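Encoded as structure tokens, the structure appears first; notes follow it.
Quick caveat: nothing in here was measured; it's all calculated off a predicted structure. Values reported hereafter were calculated over all heavy atoms of this structure, with side chains retained and with hydrogens, waters and symmetry mates removed.
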Amino acid sequence: MAEKIFINAINEALVEEMRRDESVFIMGEDIKRSVYGATMGLLDEFGEKRVLDTPLSENAFFGAAVGAAAVGMRPVVETLTSFMWVAMDQLVSQAAKMRYMFGGQVNLPVVYRATMYYGGGSAAHHSDRSYPMFMNMPGLKIVAPSSPADMKGLMKTAIRDDDVVIMFEDGTLFGSRGEVPDNEDLPNGELLIPFGQANTLREGTDATIVAIAGSVPHAVAAADELAAEGVSVEVIDPRTLVPLDKASILASVEKTGRLVIADPAHKVCSAASEIASIVAEEGFWSLQAPIVKVASEQVHIPYSPALEKLVYPTKEKILAAVRSTLA
Amino acid sequence: MAEKIFINAINEALVEEMRRDESVFIMGEDIKRSVYGATMGLLDEFGEKRVLDTPLSENAFFGAAVGAAAVGMRPVVETLTSFMWVAMDQLVSQAAKMRYMFGGQVNLPVVYRATMYYGGGSAAHHSDRSYPMFMNMPGLKIVAPSSPADMKGLMKTAIRDDDVVIMFEDGTLFGSRGEVPDNEDLPNGELLIPFGQANTLREGTDATIVAIAGSVPHAVAAADELAAEGVSVEVIDPRTLVPLDKASILASVEKTGRLVIADPAHKVCSAASEIASIVAEEGFWSLQAPIVKVASEQVHIPYSPALEKLVYPTKEKILAAVRSTLA
Amino acid sequence: MAMDKDLLMLMLRRMWLIRHFETTVIDIYSKGEFGGAAHPYIGEEAVAVGACTAMKDTDYIAGNHRSHGHPLAKGGDPKRAMAELLGRVDGYCKGKGGSMHLADFSVGILGESGILGSSVPVATGAALAAKIKGENFISAVFFGDGASNQGACHESMNLASVWKLPIIFICENNQYAVTTSYRDTVSVEHVSDRASAYNMPGVLVDGQDVVAMHEAVSVAIERARAGEGPSLVEGLTYRYEEHSLGLGRVRRGEYRSEDEIAEWRKRDPILIHEKRLVEQGIASQDECDALSADVAREVEEALEFARNSPFPEPEALFEDMFANPIPQP
Amino acid sequence: MAMDKDLLMLMLRRMWLIRHFETTVIDIYSKGEFGGAAHPYIGEEAVAVGACTAMKDTDYIAGNHRSHGHPLAKGGDPKRAMAELLGRVDGYCKGKGGSMHLADFSVGILGESGILGSSVPVATGAALAAKIKGENFISAVFFGDGASNQGACHESMNLASVWKLPIIFICENNQYAVTTSYRDTVSVEHVSDRASAYNMPGVLVDGQDVVAMHEAVSVAIERARAGEGPSLVEGLTYRYEEHSLGLGRVRRGEYRSEDEIAEWRKRDPILIHEKRLVEQGIASQDECDALSADVAREVEEALEFARNSPFPEPEALFEDMFANPIPQP
Ligand SMILES: Cc1ncc(C[n+]2csc(CCOP(=O)(O)OP(=O)(O)O)c2C)c(N)n1
Ligand SMILES: Cc1ncc(C[n+]2csc(CCOP(=O)(O)OP(=O)(O)O)c2C)c(N)n1
Ligand SMILES: [Mg+2]
Ligand SMILES: [Mg+2]
């Protein structure tokens, strides 16, 4: 086991998969020189044919990835969440719908790597955390890792998956560190994490926190603080939102009877809303208190640091929410 | 009171508002000849300057509406939900974000009229019911009328509102009929329905159905069938999803203790999920049974009538859901 | 370009196939045998047939809402196409796609797409794959005069040009988008004039002449296979029928005259091609008529096949979403 | 075009204003006085200033992420711009927008937009309003060489052309998009070559010469006001600094040479303009220097003003979402 930085874990996954499978290639803006950091060294190792800098036309290259995948390639596309709006046509009408619409005739092994920058003064146009919108649209697998190991293992799974996967990469975690198993210590010599399996970061009996992406560290911090007070909190990271491991969530709520959901996306029609609605339907009889959502305020991301810090879930908000369910 | 057809109610609202305010104009595809039916007679009465057929470039004209509104016009844009994907950039980055991002310097009185065709073999590319995705994005007011009177009254309110409004016009209701008050019988000589006020279609004490858009008639039919069996069901149509009249919903659940939500959109991260999450948090102590969502299956809309009919909420599905909460 | 009789007769056969197919479609639609939208290709047959007969099975095409002509021109099976229109399990998409979403990946048909301009990036991606793989298949995409104004077209043409991708952009200029003349929405005289904005050849072709289309597309394909990049080919053509079956409100007198329609009908693509075959002594009129009758039977059989195919079972609703399925939420 | 001294000196003043503003911004950013991204306009001043001095206050502009130059060129207040960068209540957007979203509707600044190409349709809409209202204001929009490949540009140019809207599309070709040369992403020699695809004039201008920019844009504006429709003006220019403050990974040696930068610096827009003023006897170098010093003080005052402005109160978070507010969900 070695401690690794989140963004380097992305890079490792890309390198390993590109070495393993010639049909994997990557395209995006300024990736040759790795302006955003995850594609370091790829051009040198894999050359111009497999590492492509695109014109600034996301709709065209997001769609070109679909077309290339339809005829046998495995494209990885680098982008920011905020640039997905201009490419929504291809994401929805083609990437998400094509397989079903054509009766399963074609597999589309495309990975869209969508970085979510927020929390650092990027303002309304560059701070989108849009996975709930894509969860509403059938046909997309949606991944939101919260640690370097998950990032690496889920990215490798995503690249091998024969379906369209959107990796929501949380920019607030890019500099974070965590243990990543070394390949030589792993059963098959590589780190692959299956989709649809939540990760339980803390076990507990008094309350459950389901936390997503960048909210996970805050949830863990809250749980640890509560543990010191003698309150035993379970923390679950679903890791993939589509498919969602609802069995783990329901089992935890069955044990604790209390649920708080921490989600950095906007709170209306959020992943938190969805998880709450599942538990309110399928886990209702376990519940001993209201389900509390701790998600972003329903405003755009203001630039001013004085305001931006008020928007997202924090340890304090999560603490207050857990306490309210125990009151 | 006269009985009117849904689509004619749209037309009446447009005509009245265009007569009333010179700054209202309408643009869209083939609207001069009213190919989709709602813009009949507008060209003749208001002329080429205020009734514009656009090139097929939704992103440009959706955005042009924002720019025109920013400098004093009140554009109404006709489109289908399925054509919003190609214009997502302007809907999200400009229409939804602009006012807040610029610190409230500008009002954007734009109405996007987005028809939802579904249920008639339109298949995956032409059957979107996308309001949940737009509910997740702050900055948009979202309306989904279910009767000719609501359609007319809410459309007129939308056109006068100084904010961006998306009218989700349910195509399954276009031919439906309903009483629309005559202007001369109304207090101020016109029909204006405020945003954020739900409509209670049936009063009841045993269970609550919150139904959205095209699901409303099914919910009413289910309630009437249950009434005949002696079960008293309240049916609430929120009418506007942003703002959402959660007070009416919570008050009803307080009375009935049981909640079913009927929503023609895809079920994950849906309006139904959102409403369920609100009640699971703020109405938890009233609940006597699990909250049941009756929403569309999480698949794309299949063309074959043999399959399509299985996708959406129906009276039968709603009946079964209400019964399950009473079991 | 010297063409052998087989090729010329294949062109005629496929044009007749489309014509009979569409006539049948209009007939059964009017009788309520299926629903939704359907956009007849009658009058425009030479565009798709001229283009697709210049391609190989290993080449790819993608198309749009006016969707029956392209796959039939590319060698698609009318049986499976018709079954798809009727929403049956033997349809190309097992009934999930319907009229606007025919696809047959086995003969290079990447699929028809109902959103305007939306298949253009996809076809561009197939061409990108050819380049990365170093294989010499090409890709082609059909779109209308109206769709040419979509941003997706601009972005894809630019991308294809800077990367020198082997793709042919084929604009079917049938003069109108629903009721709107392209002269009111396209800012240049001809869509093909825009090729210069992407540094690629732009060719204006008589879209009623199948041989002219074939030749123009052949030149573009040769260029593409040689690694010289994309071309834009505009076929000037005309739609005889109204925009879509099921769109009752469109009255043609309102936006185009009967005279105009009559003028274009004089330049019917099948008429022109048969006349050429007869005049050049390649085939007799009898041969042409026999071929047409033969194809008509093929279409009848296709309809029979489609009608006999069952509707999908309810379980099918949840199938085909993912290659690696996930539980329903 | 004969220009009076006032106008020529105004051009110089605004170029110096941008230059000093940006220099200050780089300085305080490096000291950590604010965060997020900020895209310096140094080297490109003549483009915005030449263009905006050809407009009236009642004309509108919209811009992009490289966002400080446009509003300052249009007569925006450096105090409020600087306060916005620092996230303060006296900023143009009360601190909600920051560097990439400066706007001042009172002097026709519709706002800068961080998404590439995204402000182009908005500016087109302002021009549409002029036409519908029958008023004779015009609208202009600035976008980069990279952004010119976005579909939004294509769609807007086509729309503006068929509707003959009074708008000027101004491409700031500063040679690069982040680290990517426009020669690798734009399929034509010059972005302005694309004007022919929209049947509008396309003009290539020396973007380092403020007078040349002013003249080219003036011609386009005249045309627009006369109801003759849009124009595309491309200013060839150069960015001295790296793409954005805060984007630490970009090392310029990797994608452009020091020589190239040095060559362009020889054609500095302020240098060129001052030289002209002095050589033509319009102003002495002393006058120019005094003006520069004066503007430097103005920027210092702006910084002072900004620093003294308070941060917004927490309540502000929920304000400004809607004109007719709704309850928080
Ligand atoms: C993005 C989008 N906008 C609008 C439509 C509705 N629509 C379908 S076909 C059509 C006209 C298309 O015209 P053209 O591209 O010339 O093709 P044609 O029908 O003439 O073959 C329109 C407006 C659509 N399908 N997609
Ligand atoms: C739709 C979109 N894609 C990508 C980006 C990221 N981005 C911001 S500026 C930039 C380069 C823009 O280049 P250009 O248009 O030439 O303007 P310049 O920065 O050179 O002034 C990129 C890629 C963005 N903001 N929006
Ligand atoms: Mg057409
Ligand atoms: Mg540039």
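By the 4.5 Å heavy-atom criterion applied to side chains, Val322(A) and Leu326(A) are counted as neighbours. At a threshold of 4.5 Å between non-hydrogen side-chain atoms, the residues Phe134(B) and Val242(B) do not count as touching. The side-chain heavy atoms of Leu241(A) and Ile212(A), taken from C-beta on, include a pair separated by under 4.5 Å. The shortest side-chain heavy-atom distance between Ile261(B) and Val292(B) does not fall under the 4.5 Å cut-off. Residues Ile301(B) and Val311(B) have side chains in contact (heavy-atom distance under 4.5 Å, counting atoms from C-beta outward).
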Decide yes or no on side-chain contact (heavy atoms from CB on, under 4.5 Å) for Val294(B) and Val260(B), but give the supporting numbers first.
CA-CA 7 Å; Val294(B) 182; Val260(B) 168; 3.9 Å; yes

Could you go through the side-chain contact (heavy atoms from CB on, under 4.5 Å) check for Phe195(A) and Val143(A) one step at a time?
CA-CA 8 Å; Phe195(A) 288 175; Val143(A) 183; 3.9 Å; yes

Decide side-chain contact (heavy atoms from CB on, under 4.5 Å) for Val77(A) and Phe62(A); before the verdict, give the C-alpha distance in whole Å, the side-chain angles of both, and the deciding distance to 0.1 Å.
CA-CA 7 Å; Val77(A) 176; Phe62(A) 278 41; 3.9 Å; yes

Given the rule in the side-chain contact (heavy atoms from CB on, under 4.5 Å) test, do Ile249(A) and Ile278(A) qualify, once you have shown the distances and angles that lead to the verdict?
CA-CA 10 Å; Ile249(A) 296 170; Ile278(A) 290 170; over 6 Å; no

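In this structure, chain A has heavy atoms under 4.5 Å from both the backbone and the side chain of Ala96(B). Proximity to chain A involves both the backbone and the side chain of Met137(B), based on heavy atoms less than 4.5 angstrom apart. In this structure, chain A has a heavy atom under 4.5 Å from the side chain of Val92(B), while its backbone stays farther away. Contacts between Ala123(B) and chain A at a heavy-atom distance below 4.5 Å are absent for every atom of the residue. Both the backbone and the side chain of Leu287(B) come within less than 4.5 Å of a heavy atom of chain A.
In terms of non-hydrogen atom pairs under 4.5 Å with chain B, the most contact-rich of Ala276(A), Ala272(A), Gly139(A), Pro132(A) is Pro132(A). If you tally non-hydrogen atom pairs under 4.5 Å between each of Ile275(B), Val86(B), Val279(B), Leu244(B) and chain A, the highest count goes to Val86(B). With chain A as the partner, the residue from Ala124(B), Ala271(B), Ala289(B) showing the most heavy-atom pairs under 4.5 Å is Ala289(B). Each of Leu259(A), Val299(A), Val268(A) has some count of heavy-atom pairs under 4.5 Å with chain B, and the biggest count is that of Val268(A). Here Ala280(B) is the residue among Ala265(B), Ala280(B), Gly283(B) with the most heavy-atom pairs under 4.5 Å with chain A.
For the side chain to side chain contact (heavy atoms under 4.5 Å, CB included) test, residues two or more places apart in sequence or in another chain that qualify with Ala69(A) are Pro75(A), Leu108(A), Pro109(A), Val110(A).
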Atom pairs (donor, acceptor) spanning chain A and chain B, under 3.5 Å:
from      : atom 1 : to        : atom 2 : distance (Å)
Ser93(A)  : O      : His125(B) : NE2    : 2.8
Ala96(A)  : O      : His300(B) : NE2    : 2.8
Lys97(A)  : NZ     : Ala124(B) : O      : 2.9
Lys97(A)  : NZ     : Asp128(B) : OD1    : 2.9
Lys97(A)  : NZ     : Asp128(B) : OD2    : 3.1
Ala124(A) : O      : Lys97(B)  : NZ     : 2.8
His125(A) : NE2    : Ser93(B)  : O      : 2.8
Asp128(A) : OD1    : Lys97(B)  : NZ     : 2.9
Asp128(A) : OD2    : Lys97(B)  : NZ     : 3.1
Met135(A) : O      : Gln298(B) : NE2    : 3.1
Asn136(A) : O      : Gln298(B) : NE2    : 3.2
Asn136(A) : ND2    : His266(B) : O      : 3.1
Asn136(A) : ND2    : Val268(B) : O      : 2.9
Pro138(A) : O      : His300(B) : NE2    : 2.9
His266(A) : O      : Asn136(B) : ND2    : 3.1
Val268(A) : O      : Asn136(B) : ND2    : 2.9
Cys269(A) : N      : Glu274(B) : OE1    : 2.8
Ser273(A) : OG     : Glu274(B) : OE1    : 2.7
Glu274(A) : OE1    : Cys269(B) : N      : 2.8
Glu274(A) : OE1    : Ser273(B) : OG     : 2.7
Glu274(A) : OE1    : Lys293(B) : NZ     : 3.0
Glu274(A) : OE2    : Lys293(B) : NZ     : 3.4
Ser277(A) : OG     : Lys293(B) : NZ     : 3.0
Ala280(A) : O      : Ile291(B) : N      : 3.1
Glu281(A) : OE1    : Lys293(B) : N      : 3.2
Ile291(A) : N      : Ala280(B) : O      : 3.1
Lys293(A) : N      : Glu281(B) : OE1    : 3.2
Lys293(A) : NZ     : Glu274(B) : OE1    : 3.0
Lys293(A) : NZ     : Glu274(B) : OE2    : 3.4
Lys293(A) : NZ     : Ser277(B) : OG     : 3.0
Gln298(A) : NE2    : Met135(B) : O      : 3.1
Gln298(A) : NE2    : Asn136(B) : O      : 3.2
His300(A) : NE2    : Ala96(B)  : O      : 2.8
His300(A) : NE2    : Pro138(B) : O      : 2.9

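With values rounded to the nearest 0.5 angstrom, Ile166(B) atom CD1 is found 4.5 Å from Leu140(B) atom CG.
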